[in-house]
Protein chains: 2
Amino acid sequence: MASPSKAGAPHRVRLNRERVLATAIALADAGGIESLTMRRLGEELGVEAMSLYNHIANKEDLLTGMIDAVFAEIELPSHSDNWKAALRKRSVSFRDALSRHPWATALKDSGTNPGPATLRHHDRVIGTLRNGGFSIALAAHAFSAVDSYIYGFAMQEKSLPFTTDEEAATMAHLMLAQLPANEYPYLAELTAEYVLRPGYNYGNEFPFGLDLILDALERARDAQPAG
Amino acid sequence: MASPSKAGAPHRVRLNRERVLATAIALADAGGIESLTMRRLGEELGVEAMSLYNHIANKEDLLTGMIDAVFAEIELPSHSDNWKAALRKRSVSFRDALSRHPWATALKDSGTNPGPATLRHHDRVIGTLRNGGFSIALAAHAFSAVDSYIYGFAMQEKSLPFTTDEEAATMAHLMLAQLPANEYPYLAELTAEYVLRPGYNYGNEFPFGLDLILDALERARDAQPAG
DNA sequence: GAGTTCTCCTTACGTCGTAAGCTTATGGTG
DNA sequence: CACCATAAGCTTACGACGTAAGGAGAACTC
């Protein structure tokens, strides 16, 4: 029943690095990074696991390539916007990318050398700051602060054991029932009166911290010796 | 040949969950989380791998327990300090803990339910903010912003492929030589004139972002409708 | 069209987490 | 003290993992 070829022409679709990476990303998106195995990836591509090694060096190379592909999805800061607007846009885009590919957040460590898309991204962010009047040192500080926030936020978001608002509410109710309110009174209060409010969604916390940092960076920039 | 016992008294040292967790943490600290296998952990404890299952449910349970042990190491915010000083101290302590146990940063996701030390920690942080005059909503915002920053910073720090300053310098020189300066001019500039400066250490970036956020939170607190 | 190279497959190895079932040590009863 | 239930540890085994080695066939080069 599974005899696809048209007329005696099996003619397999050739593999290449891009197809391998794209399929690997799709698999990781769908089932989490732990569901991405060489055998399953091969299966998805209609090929045996070992054939993949003609296009990638090993699994770490695969993961590195996936990370770089995620970075390629991030909207680069536009040089026509002012630094703050540009940085804000790319930060939201960054968060969106990490949210679409939650496995990417945790994978940063295994990654050794950044790929070209990653380098390009970093270069443009630093360039935006420098052109916006940040000294080298302050640009380095700012870069670290903003990206740490984004990474950390994405990680916390991913670690939540629910996705939709209803799931969140159910989960919060459960937790609230479980945790002894007199042992963790503040946690209980916050859960009951904030998390359980209809429409609560942790993802909505993102802009607060982002703008907090961007506004503070603007003040730090203006306080510089003079650009 | 393998008859170790001294004088008819083999008398194995009994295992327990604490010893298992402590040894697992030591192993992960020393060789990275990927070097922590049930067999190696058993070996370290003078026991077969399967014996560990008398004290932990499975590997995920082990990892969850390890995370909670890390949280237990974090200095809780003191109620006698003002909120900002208290939060700053615990944030530095938090970063130190994640720096001592880099594997903990990435493990957050696998962790499903937080342990008691984790809950206690969260409760105290929220309590510090509430007593410091933060509304419930603002406390939630602040908690998210600060902890996202800390997590993200720890993750970036861990992902650096070097530890000591000299290693960093060597690596930066290498990278600088590799990356085409005209393709990534801003990155090259920052590397050459900031990262390669003697005494540079990425870890030193931490206080900048932390104080940036804490100061901004203070302003946000003071701008509240009135506490 | 002959030779070379690249792609893909088969088989196999060592390592992982852990299920099942055994043996031995421990500690509570008479 | 003897007795024995329970808990702690050991042995063996299974299926999944990443990937080394080497062979078969297709696709390009000249």
Side-chain angles (χ1 to χ4, degrees), chain A residues 2-24 27-28 30-67 103 106-107 109-112, chain B residues 1-24 27-28 31-67 103 106-107 109-112:
Chain A
S3 157
S5 58
K6 197 159 281 196
H11 196 64
R12 284 182 282 263
V13 197
R14 287 302 259 325
L15 235 49
N16 57 51
R17 191 169 219 265
E18 271 181 38
R19 264 189 4 106
V20 171
L21 285 180
T23 308
L27 266 182
I33 193 66
E34 74 283 354
S35 79
L36 174 66
T37 70
M38 299 303 282
R39 283 171 233 263
R40 240 194 296 275
L41 178 54
E43 194 181 356
E44 200 75 13
L45 288 159
V47 134
E48 295 302 313
M50 287 312 290
S51 302
L52 300 169
Y53 287 88
N54 288 302
H55 307 278
I56 57 164
N58 48 47
K59 190 161 188 186
E60 185 173 319
D61 179 37
L62 173 69
L63 297 176
T64 304
M66 290 167 68
I67 292 282
W103 44 267
L107 239 59
D109 62 324
S110 79
T112 44
Chain B
M1 51 183 75
S3 155
S5 57
K6 195 164 289 201
H11 194 64
R12 284 183 282 264
V13 197
R14 285 303 259 326
L15 236 49
N16 57 52
R17 191 168 219 266
E18 271 180 37
R19 273 205 336 123
V20 171
L21 285 180
T23 307
L27 267 182
I33 194 65
E34 74 283 353
S35 80
L36 174 66
T37 70
M38 300 301 283
R39 284 171 232 262
R40 239 193 298 274
L41 178 54
E43 193 180 356
E44 200 74 14
L45 287 160
V47 134
E48 296 301 315
M50 288 311 291
S51 301
L52 300 168
Y53 288 88
N54 287 304
H55 307 278
I56 57 164
N58 47 45
K59 190 160 188 186
E60 184 173 320
D61 180 37
L62 173 70
L63 297 176
T64 304
M66 289 166 68
I67 292 282
W103 44 266
L107 240 58
D109 62 323
S110 78
T112 44

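Lettering follows sequence order; numbering is per chain, from 1.
Distance check, rounded to the nearest 0.5 Å: OG1 of B/Thr37 to CD of B/Glu43 gives 8.5 Å. To the nearest 0.5 Å, the span separating CD on B/Glu44 from CG on B/Leu27 amounts to 4.5 Å.
In terms of position on DNA chain D, the residue among A/Ser35 and A/Met50 whose nearest nucleotide sits closer to the 5' end is A/Ser35. Map A/Glu34 and A/Ala57 each onto its nearest nucleotide of DNA chain D; the residue landing nearer the 5' end is A/Glu34.
What separates CG of B/Leu36 from C1' of C/dC16 is a distance of 12 Å, to the nearest Å. When rounded to the nearest whole Å, the span between CE of A/Met38 and C1' of C/dG14 equals 17 Å. The distance from atom CD of B/Glu60 to atom P of C/dT18 is 9 Å, rounded to the nearest whole Å. Taking atom CD of A/Glu48 as the reference point, atom C1' of D/dA21 lies 16 Å away to the nearest angstrom. We find that NZ of B/Lys59 is positioned 8 Å from C1' of C/dG17, with the value rounded to whole Å. In this structure, CG of B/Leu52 is placed 14 Å from C1' of C/dC16, rounded to the nearest angstrom. In this entry the distance linking CZ of A/Arg39 with P of C/dA12 reads 14 Å, nearest Å. For the pair B/Arg14 CZ and D/dT6 P, the computed distance is 16 Å after rounding to whole Å.
Regarding contacts with the backbone of C/dC6, every side-chain N or O of A/His55 stays at 4.0 angstrom or more from both OP1 and OP2. For A/Ser51, no side-chain nitrogen or oxygen approaches OP1 or OP2 of C/dT7 to under 4.0 Å.
The side chain of B/Val47 lies closest to D/dC10 when the candidates are C/dC8, D/dC10, D/dA8.
Across every non-hydrogen atom of A/Leu62 and A/Ala24, the tightest pair is CD1-CB, 3.9 Å.
Using a distance-only test at 3.5 Å, with no hydrogens or angles considered, a donor-acceptor pair links the side chain of B/Asn54 to the main chain of B/Ser51.
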